[in-house]
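All values below were derived from every heavy atom in this structure, side-chain atoms included, with hydrogens, water molecules and symmetry-related copies excluded.
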Amino acid sequence: MLKGVLGMLLLRLLDAEESYGYAVVVRLREAGVLGLAEGTVYPALTRLEGAGHLESRLVASTSGPARKYYRTTPAGREALATREASWRLLRAAVDRVGTVPDPEVLR
Amino acid sequence: MKLLDRARLGLYVQRYDFWLDVADVRRRRRRALRHELRANLHDAAHDVGAAVAVANLGSPRTLARETVGEAAGRPARPHWTAGGQWAVATFVVLLLLWTLSLLAFLDGVQATGATGTVTGSVFPWGGTVEARVGRGLQVSASVPVTVWVLTLVAFVVGSRAWVLLTRRGEHLTPVG
């Protein structure tokens with residue numbers, strides 16, 4: 001996965017809904033992000049929290065240990081906006097590369 | 001959850017904690033990270049089984065390194081001062097025990113009424129004690145090599161000198 005994309009996905013997901021590590025992995029897989037390992041997502045959550053882009057709280061669970069729920073902070077939303085803008089630029093550039101030029105335009 | 005599965009998850013969390021410790025992560029922070037990983041592993045194990053849940057996390061060393069980010073990419077420094085303190089404490093305790101066992105040995109020699117030269121080995125072993133019994137009692141002994149070896153071990157363990165070896169480890173760029 002491209003550097004920064006996972007962070008953008010996490011910020012976007014946790015801005016929409018508060019969630020915890022494993023549930024985030026499941027949600028991303030359900031959304032079609034394949035080949036995603038927990039070992040990649042958990043450290044990314046920790047780093048985003050360390051950067052102040054996520055905040056967390058412990059919620060007791062009836063089925064096991066207390067879960068750590070994350071939510072995107074206002075600073076995280078700003079970072080998300082920046083990352084999404086970069087992503088749109090990249091996607092537009094990718095769309096342009098390798099396309100066959102319109103002969104009418106070349107005349 | 002089966003006992004074996006619990007053991008598998010517990011072992012992974014302990015290995016993760018070990019590498020966090022090597023990366024100089026403080027105890028309270030390590031405890032929080034352990035709890036979070038344990039909760040996630042618990043849910044994943046219920047979903048896909050303990051073996052797959054652990055496999056999806058990859059190496060605990062890499063997970064610890066990526067969790068702490070760049071700081072974990074730089075191996076922790078050895079704690080030479082702590083190592084020195086452990087070494088001194090170990091040396092003093094062993095020397096005290098050696099002296100006490102030496103005195104016990106000499107008491108034994110005198111109690112048996114032996115005469116001439118009596119040799120033996122006392123705790124922590126690794127050296128010999130020679131007692132010459134005649135008109136008086138002459139003793140010759142040197143500090144056993146075991147005392148020095150155990151002192152060195154205490155220094156290495158106390159200073160975590162092995163982290164020097166991890167300095168040659170590769171640096172990974174965190175994704176995210």
**Q** Carefully, step by step, assess A:Tyr20 and B:Asn40 under the rule side-chain contact (heavy atoms from CB on, under 4.5 Å).
**A** CA-CA 8 Å; A:Tyr20 67 96; B:Asn40 285 327; 3.5 Å; yes
**Q** Please find the pair of heavy atoms, one from A:Pro65 and one from B:His42, that lie closest to each other, and give the distance.
**A** CD-CG, 3.8 Å
**Q** Do the non-hydrogen side-chain atoms of B:Asp43 and A:Arg67 ever get within less than 4.5 Å of each other?
**A** yes
**Q** Do B:Leu152 and B:Trp86 share a hydrophobic cluster (ILVMFWY, side-chain heavy atoms under 4.5 Å, transitive)?
**A** no
**Q** Is there a path from A:Met8 to A:Leu10 through hydrophobic residues (I, L, V, M, F, W, Y) whose side chains come within less than 4.5 Å of each other?
**A** yes
**Q** For B:Arg29 versus A:Lys68, what's the shortest heavy-atom pair and its separation?
**A** NH1-NZ, 4.5 Å
**Q** Would you compute the distance between atom CG of A:Leu58 and atom NE2 of B:His35 and round it to the nearest 0.5 angstrom?
**A** 9.5 Å
**Q** To the nearest 0.5 angstrom, please state how far the OH atom of A:Tyr42 sits from the CG atom of B:Leu37.
**A** 7.5 Å
**Q** Using every non-hydrogen atom in the two residues, find where B:Leu57 and A:Glu38 come nearest and quote the distance to one decimal.
**A** CD2-CB, 3.7 Å
**Q** Is there a chain of hydrophobic side chains (I, L, V, M, F, W, Y, each step under 4.5 Å between heavy atoms) that links B:Val52 to A:Val24?
**A** yes
**Q** Answer yes or no: are there more than 12 heavy-atom neighbours, outside A:Arg12 itself, under 6.0 Å from its atom CZ?
**A** no
**Q** Counting neighbours of CH2 on B:Trp98 that are heavy atoms of other residues, nucleotides or ligands and sit closer than 6.0 Å, is the number greater than 12?
**A** yes
**Q** Could you pull out the closest heavy-atom pair between A:Arg29 and B:Asn56, with the gap in Å?
**A** NH2-ND2, 4.0 Å
**Q** Do you reckon B:Leu106 sits in the same ILVMFWY cluster as B:Val133, going by side-chain contacts under 4.5 Å, direct or chained?
**A** yes
**Q** If hydrophobic clusters are built by linking Ile, Leu, Val, Met, Phe, Trp and Tyr wherever their side-chain heavy atoms come under 4.5 Å apart, do B:Val92 and B:Val122 end up in the same one?
**A** no
**Q** Taking every non-hydrogen pair under 4.5 Å, which of B:Pro60, B:Gly58, B:Ala44, B:Ser59 racks up the most with chain A?
**A** B:Ala44
**Q** Hey, is the main chain of A:Gly64 close enough, under 3.5 Å, to the side chain of B:Arg38 for a donor-acceptor pair?
**A** no
**Q** What part of A:Ala23 is in contact with chain B, defined as an atom under 4.5 angstrom from a non-hydrogen atom: side chain, backbone, both or neither?
**A** neither
